[in-house]
Amino acid sequence: MSTNQTQHGAYPASEASPEQVLADEYLDRLQQQFELLQQRIRRVEAGSEPLDGSSLRALEMRREGLELELERLRKRAAGKCCGCGGACRG
């Protein structure tokens, strides 16, 4: 048994499970991607960065997808239904 686990396999409230750590890291990476994409879109719109084969609409669609995924993950982290239709089992 891991030193982080109790006899019943649960983690103490003060320590996150490995799954929770991975989920938090994934959320952080998505948030960083969203922020970088947002900055790039602003530069393109301002005319200070030319598009390199990507259309502005494609960048905006990617941003929208990231935004929806972040919202879904935040709802799940808060213990709310993420809208998956599976009663938040995944």
Side-chain angles (χ1 to χ4, degrees):
M1 180 174 5
S2 167
T3 57
N4 291 338
Q5 290 181 316
T6 64
Q7 182 178 7
H8 302 289
Y11 287 81
S14 63
E15 294 184 36
S17 70
E19 293 83 9
Q20 184 60 46
V21 170
L22 289 174
D24 291 345
E25 289 173 356
Y26 179 65
L27 182 62
D28 290 342
R29 283 192 308 272
L30 283 183
Q31 182 63 44
Q32 185 178 36
Q33 287 177 16
F34 177 81
E35 290 169 5
L36 290 171
L37 186 56
Q38 181 75 3
Q39 291 171 3
R40 181 169 183 215
I41 290 171
R42 286 185 190 132
R43 289 190 308 267
V44 168
E45 289 174 338
S48 63
E49 180 179 322
L51 288 176
D52 58 357
S54 301
S55 72
L56 180 58
R57 182 65 190 134
L59 294 175
E60 291 170 338
M61 289 172 59
R62 174 68 178 139
R63 177 183 59 188
E64 184 178 324
L66 283 171
E67 190 170 30
L68 291 172
E69 179 69 1
L70 284 165
E71 181 181 334
R72 186 184 73 78
L73 291 172
R74 287 186 185 122
K75 283 181 180 179
R76 287 197 64 196
K80 299 178 183 176
C81 180
C82 69
C84 65
C88 281
R89 290 187 302 250

Under the salt bridge (charged side-chain N to carboxylate O under 4.0 Å, His left out) test, residues paired with E60 that sit two or more places apart: R57
Salt bridge R74-E71, side-chain N to carboxylate O under 4.0 Å: no
Side-chain cluster (under 4.5 Å, hydrophobic types only) that V44 belongs to, other residues: Y26, L27, L30, F34, L37, I41, L51, L56, L59, L66, L70, L73
Any residue meeting side chain to side chain contact (heavy atoms under 4.5 Å, CB included) with E25, in chain and number order, not counting sequence neighbours: V21, L22, R29
All side-chain hydrogen bond (donor to acceptor under 3.5 Å, both in side chains) counterparts of Q33, not counting sequence neighbours: R62
Which residues share a side-chain hydrogen bond (donor to acceptor under 3.5 Å, both in side chains) with Q39, sequence neighbours left out: none
side-chain hydrogen bond (donor to acceptor under 3.5 Å, both in side chains) assessment of Q32 paired with D28: CA-CA 6 Å; Q32 185 178 36; D28 290 342; over 6 Å; no
Salt bridge (charged side-chain N to carboxylate O under 4.0 Å, His left out) partners of residues 32-45, not counting sequence neighbours, each pair once: R40-E49, R40-D52, R43-E49
Rounded distance [0.5 Å steps], CG in D24 versus CD in E19: 11.5 Å
